[in-house]
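Notes to accompany the following structure.
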Amino acid sequence: MNVTELFESASLLVPEEVATENDISVQDVWDYLANDEWQMALSLLEELGDGQPLPLTFWEQLAEVAEQLGLERSAAWCHWRCSEIRNGMIRADLTLRPLTEARRKAPISGHGVLRPMWDIGKLSPTGAASVSIAGLWVEDMPVLEPGGRATVRLVPLTPTHWTHIRTGQRINMHEDRSVAGTAVVLEVHLSTPAMPTG
């Protein structure tokens, strides 16, 4: 599909009654599309998609639009949302260890590149701590500096490892044996089955 067809198809997946906090609706998207303002239309659709659960196909189509338009950050976000639908998502308040105490000396990319290990309270058969891997997206920030704090979104590599996670639980992030950061779980969205694709 070309960009226009992808936009139209994705727009049709948003219920007409859905609006953002600023009363932006799918009609506004159509207005921008009519004026060939594709980047703005894409931003509005992303915002509408953040307000309520939409099918996997919606995010796949937006990812393809972003790729065709050369918008890397939007493409990464839309692919990330696809991963959240497939594997679930945990939001958490993450604080990285300060530069003086951490092995990491460089900031963490905020756009889903890092897939650290997490001590989520599971034990191995020998009784040692067992870690699970989850991708990391930093909300509203391009990078997170050592010692920094931000709300993050985690996508578990193996969702079944995370079913015991609850709001308020503390989990530790690892990039090696040392603790790189500590997070407090804010939301858990794991138990819903995959949404229909269209």
Side-chain angles (χ1 to χ4, degrees), residues 20-21 45-60 62-63 66 73-98 101-104 106-124 128-197:
T20 67
E21 291 177 1
L45 280 171
E46 287 177 15
E47 193 174 339
L48 287 166
D50 289 341
Q52 77 163 42
L54 291 173
L56 178 60
T57 302
F58 172 83
W59 291 105
E60 290 172 336
L62 290 191
R73 168 57 179 81
S74 283
W77 174 242
C78 294
H79 284 298
W80 180 268
R81 291 303 304 268
C82 290
S83 296
E84 289 185 356
I85 291 169
R86 289 184 191 106
N87 291 13
M89 182 270 294
I90 294 106
R91 285 183 77 234
D93 181 10
L94 172 65
T95 303
L96 296 180
R97 292 184 68 180
E101 298 175 15
R103 288 189 173 204
R104 171 176 280 279
I108 291 174
S109 169
H111 299 149
V113 176
L114 189 66
R115 286 171 172 67
M117 299 170 286
W118 295 88
D119 179 352
I120 56 175
K122 294 259 184 176
L123 298 177
S124 71
S130 175
V131 293
S132 294
I133 297 171
L136 173 73
W137 187 283
V138 181
E139 291 186 356
D140 305 320
M141 297 170 69
V143 296
L144 182 58
E145 300 283 343
R149 180 179 174 186
T151 300
V152 297
R153 300 169 81 98
L154 309 177
V155 169
L157 183 65
T158 309
T160 55
H161 291 184
W162 296 71
T163 56
H164 68 287
I165 295 293
R166 299 291 176 258
T167 302
Q169 186 173 344
R170 296 176 73 82
I171 58 176
N172 289 325
M173 183 180 105
H174 295 265
E175 293 184 86
D176 55 27
R177 289 186 181 269
S178 63
V179 174
T182 300
V184 177
V185 175
L186 303 173
E187 295 176 37
V188 179
H189 302 280
L190 293 175
S191 59
T192 55
M195 292 188 69
T197 58

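Keep in mind it's a predicted model, so treat the numbers as computed, not measured.
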Taking atom [atom1] of [X] and atom [atom2] of [Y], what is their separation to the nearest 0.5 Å?
X      : Y      : atom1 : atom2 : result
Arg115 : Leu154 : CZ    : CG    : 11.5 Å
His161 : Ser130 : NE2   : OG    : 7.0 Å
Glu60  : Cys78  : CD    : SG    : 11.0 Å
Leu96  : Thr182 : CG    : OG1   : 9.5 Å
Glu84  : Ile90  : CD    : CD1   : 9.5 Å
Leu62  : His79  : CG    : NE2   : 10.5 Å

Residue set satisfying ring-ring contact (aromatic ring centres under 6.0 Å, His included) with His111, at least two apart, ordered chain then number -> Trp137

Grab the two heavy atoms, one from [X] and one from [Y], that are nearest each other, plus how far apart they are.
X      : Y      : value
Ala75  : Ala63  : CB-O, 4.2 Å
Ile120 : Ser132 : CD1-OG, 3.8 Å
Val143 : Pro107 : CB-CB, 3.9 Å
Met89  : Leu190 : N-CD2, 3.9 Å
Ala134 : Pro156 : CB-CA, 3.8 Å
Trp162 : Ile133 : NE1-O, 4.1 Å

Mind running side chain to side chain contact (heavy atoms under 4.5 Å, CB included) on Met173 and Ile108 for me, showing each step along the way? CA-CA 12 Å; Met173 183 180 105; Ile108 291 174; 3.8 Å; yes

Test item: side-chain donor near acceptor, Ser74 and Glu46, under 3.5 Å: yes

Per-pair distances, 0.1 Å, donor-acceptor, side chain in residues 145-152, under 3.5 Å, sequence neighbours excluded:
residue, atom, partner, partner atom, Å
Arg149, NE, Asp93, OD1, 3.0
Arg149, NE, Asp93, OD2, 3.0
Arg149, NH2, Asp93, OD2, 2.4

Side-chain heavy atoms of [X] within contact of [Y], under 4.5 Å:
X      : Y      : answer
His174 : Val179 : yes
Arg103 : Asp176 : yes
Trp59  : Ile85  : yes
Arg81  : Arg153 : yes
Leu136 : Leu94  : yes
Leu157 : Met117 : no

For Asn87, what residues pass the side-chain contact (heavy atoms from CB on, under 4.5 Å) criterion, not counting sequence neighbours? Val155, Pro159

Quick one: does Gln169's side chain have a donor or acceptor within less than 3.5 Å of a partner on Arg166's backbone?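 Yes, Gln169 side chain to Arg166 backbone: donor-acceptor pair under 3.5 Å.
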
Is it true that Glu139 and Arg91 make a salt bridge, defined as a side-chain N closer than 4.0 Å to a carboxylate O? yes

